[in-house]
Amino acid sequence: MKSLYVYADKKGAGSLVVTLGLMQLLKKELVRVAFFRPIVLESQDYDIEFITRYFSLEQPKESCYGFTLQEAQHIIATTSQEHLYELLIEKFKKLENDYDFVLCEGIYSDFFANIVELDINIEIAKNFGSAAVGIIAAKGQSKNELEDRFKLQQESLRRGGVERIATIFNRAEQADTAELLKMGERVYVIEEVAELATLGIADLMENLRLEKVVFGQSDYVRKIENIKVAASSLDNFLDHIEQNDLVIVPGDRSDIVLGVLGAYHSKRFESISAIIFSNNLLPHPNIQKIIDGLEGITLPIFLAKEDTFTTAKKLLEIEPKIRLQDKRKISTALGVFSRCVDTEILARRIRIAKSDVVTPQMFEYKLFELAKREKKKIVLPEAHDLRVLEAAQIAISRGIADIVFLANPQEFKAFWQQHGFELAKAEVVDYKAEGFLKIFASKLYELRKDKGMSYEQACDAVTHVNYFATMMVYMGYADGMVSGATHSTAETVRPALQIVKTEAGVDVVSSIFFMCLPTRVAVFGDCAIVQDPTPSELASIAVLSAKNAKKFGIEPKVALISYSSGESGSGAAVEKVKEAAKILKQKAPDLEAEGPIQFDAAFDAEVAKKKLPDSKIAGKANVFIFPDLNTGNTTYKAVQRSSGAVAIGPILQGLKKPINDLSRGALVKDIVNTIAITAIQAQEER
């Protein structure tokens with residue numbers, strides 16, 4: 001099978017959630033996956049734009065669809081329905097020949113109900129030779145109605161000769177789930193998720209003619225749970241403010257405007273999402289001065305041309321979308337799909353042929369799946385870095401890990417709410433609480449007194465978030481720690497070395513980077529910690545790096561890198577690597593390794609044929625061990641910047657418990673991946 005056809009019976013089925021989940025499933029196993037919509041409403045199609053950009057599909061936009069709805073209707077009217085299928089097959093087959101797999105997304109069946117006799121999606125799927133995943137819109141439907149529609153879809157697919165891979169009831173009521181699952185085999189139920197049905201600021205801006213009064217780029221992803229019209233007195237209106245409200249108020253209601261802004265900045269009120277001034281009325285200039293003078297205001301404010309009633313009515317008619325910039329909604333959608341649909345069984349039904357190629361997306365997916373198998377608790381000490389908050393939100397919604405923040409609980413809640421995050425499921429520990437400080441200080445003093453640490457110094461140390469978080473891991477309150485977004489490597493690693501310490505038999509704590517290249521993943525070590533390892537330490541780094549590679553699904557082939565290959569060179573640096581290779585052979589006799597070897601000979605098969613033709617590792621290496629920090633750090637950055645590789649790390653290795661360091665320039669994605677890796681490291685008994 002080289003294609004799959006997914007379609008919904010009517011509008012409002014939430015088909016993008018299913019398409020998103022299916023594309024991720026396919027991209028987990030295959031590199032070249034194409035996306036095709038036979039018929040779209042208009043040439044600028046939202047789902048095509050979303051899927052191609054999110055999954056970085058290298059596919060020309062014009063090849064992503066067959067015809068617009070108007071063009072398709074014209075072809076049927078002027079020639080025949082069969083001619084439409086012939087033209088679509090021609091476009092589809094070109095994609096099928098050029099790509100490993102084609103995921104097709106159909107148009108809503110009811111768009112053609114008055115034009116064609118049979119369901120056009122089933123007819124197209126049949127002509128493409130595709131199996132199908134049918135989506136049934138369950139929201140607002142009775143059980144009897146859903147059962148009838150399911151039977152009709154089953155029969156239509158059977159009569160059309162199209163294999164049914166699965167039927168997904170989407171946006172179902174929780175009370176109906178058990179009954180829907182009894183309807184037959186290959187049935188899955190995705191319940192209505194409030195997060196996905198919630199409006200966002202971007203939805204407002206797309207559907208309403210709004211003028212920005214106060215707005216920042218991060219405001220696009222704010223969500224709106226309720227719409228409140230300010231029609232009463234300020235005293236009464238404030239009683240009704242709830243979290244993530246959108247407040248609509250004419251700009252000349254100065255009392256409401258000031259009261260709402262005051263409530264937004266108060267820790268005693270829930271945090272609203274936005275304000276819309278209706279009736280094309282801005283506040284009085286003196287009120288505007290107050291707004292302009294509010295330092296660090298993060299609340300988006302808009303001006304609407306229409307009156308309050310018309311604005312509110314239009315808001316209620318907007319259909320929320322999943323948007324590229326809204327990582328929270330995307331992670332929620334992917335999370336609910338993988339939770340409700342058995343993707344392993346689905347993959348077997350689709351009969352995906354695996355290849356040896358591993359893309360960054362495949363590797364990231366694997367990380368998330370491994371982390372979810374046995375969820376661990378990860379502590380994040382840097383609770384006021386917005387990147388860390390966003391990463392934590394993604395980790396929670398994707399089920400990667402349970403998250404612990406160090407902060408004052410009340411202040412932290414006000415902070416994340418004010419910035420539009422949803423972190424109610426995160427645990428918050430007050431690192432200034434006297435009880436914890438006494439326990440941790442006593443234990444730290446006991447651990448370090450032989451090294452000259454006084455009790456007073458221990459008390460002072462545990463007031464620092466990295467020491468506190470490390471003590472949490474050491475004493476079992478958390479399974480791992482990720483820090484470094486705002487702290488130096490030394491500030492993250494020093495407490496780990498003093499408290500957690502190294503595993504038995506490990507010479508030195510080191511690090512690796514997972515270098516996700518376009519078609520393969522390599523392990524680089526050490527590029528962050530050990531400046532000038534001895535031959536014994538270099539061998540130890542190689543053993544640990546190979547062990548970690550295997551843990552993450554990479555069968556290790558180790559290359560000990562030098563400026564010469566085999567016996568071709570000499571010098572102190574080469575001799576160090578030769579000695580390390582001998583020690584490595586003694587420490588891990590079954591490990592496939594080669595050294596000394598130059599990077600190009602280790603990496604490139606063509607070069608390997610010339611320099612080391614008899615080597616089993618040359619040209620096939622995937623674990624690269626560098627002779628010193630200067631070489632390792634320079635190489636990983638050169639590869640990252642010149643090839644566009646995704647560098648995940650540094651990942652610390654050799655500690656008894658997982659503590660990992662971030663770059664201070666880390667992106668949200670880097671932090672999410674590091675949380676996942678830390679959680680996977682914590683799954684191993686130590």
Look at the aromatic rings of His384 and Phe415 and report parallel, tilted or perpendicular, splitting at 30° and 60°.
tilted
Would you mind checking if [Y] and [X] are paired as a salt bridge, meaning a charged N to carboxylate O distance below 4.0 Å?
X      : Y      : answer
Glu369 : Lys366 : no
Glu555 : Lys557 : no
Glu503 : Lys656 : no

Can you list every ring-ring contact (aromatic ring centres under 6.0 Å, His included) pair that touches residues 489-518, not counting sequence neighbours?
Phe363-Phe514, Phe513-Tyr636, Phe514-Phe552
Heavy-atom closest pair, residues [X] and [Y]:
X      : Y      : result
Gly399 : Lys372 : O-CG, 3.0 Å
Asp661 : Gly484 : OD1-CA, 3.6 Å
Leu538 : Phe626 : CD1-O, 3.3 Å

Whether over 12 other heavy atoms sit under 6.0 Å from Lys413 NZ:
no
Before giving the answer on side chain to side chain contact (heavy atoms under 4.5 Å, CB included), spell out for Glu364 and Val646 the whole-Å C-alpha distance, their side-chain angles and the decisive distance to 0.1 Å.
CA-CA 10 Å; Glu364 184 182 83; Val646 176; over 6 Å; no
Side chain of [X], backbone of [Y]: donor and acceptor closer than 3.5 Å?
X      : Y      : result
Asp100 : Leu30  : no
Lys27  : Val31  : yes
Gln417 : Gln243 : no

Using distance alone, with no hydrogens and no angle criterion, decide if [X] and [Y] have a side-chain donor and acceptor under 3.5 Å apart.
X      : Y      : answer
Asn660 : Gln681 : yes
Asn466 : Ser483 : yes
Glu191 : Thr177 : yes

Among Ser545, Ser540, Ser511, side-chain hydrogen bond (donor to acceptor under 3.5 Å, both in side chains) partner for Gln653
Ser545
Could you tell me if Lys321 sits above the aromatic ring of Tyr46, with its cationic atom closer than 6.0 Å to the ring centre and no more than 45 degrees from the axis?
yes
Using the test side-chain contact (heavy atoms from CB on, under 4.5 Å), find all partners of [X] that sit at least two apart in sequence or belong to another chain.
X      : value
Ala676 : Leu367, Phe368, Ala371, Ile400
Glu537 : Asp507, Val508, Val530, Pro533, Thr534
Ser3   : Phe92, Glu96, Val102, Ser130
Glu195 : Val193, Lys223, Arg328, Lys329, Thr332

Would Leu444 and Met471 count as a side chain to side chain contact (heavy atoms under 4.5 Å, CB included) if you check the C-alpha gap in whole Å, the side-chain angles of each, and the deciding distance to 0.1 Å?
CA-CA 8 Å; Leu444 181 59; Met471 288 300 300; 4.3 Å; yes
Begin with the C-alpha distance, continue with both residues' side-chain angles, and end with the deciding distance and a verdict on salt bridge (Lys or Arg N to Asp or Glu O under 4.0 Å) for Lys377 and Glu427.
CA-CA 10 Å; Lys377 184 182 288 187; Glu427 183 182 344; 3.1 Å; yes
For the ring pair Tyr477 and Phe436, is the centre-to-centre distance below 6.0 Å?
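Ring centres of Phe436 and Tyr477 closer than 6.0 Å.
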So, using salt bridge (charged side-chain N to carboxylate O under 4.0 Å, His left out) as the criterion, who are the partners of Arg53 when residues are at least two apart?
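Here the qualifying residues are Glu49.
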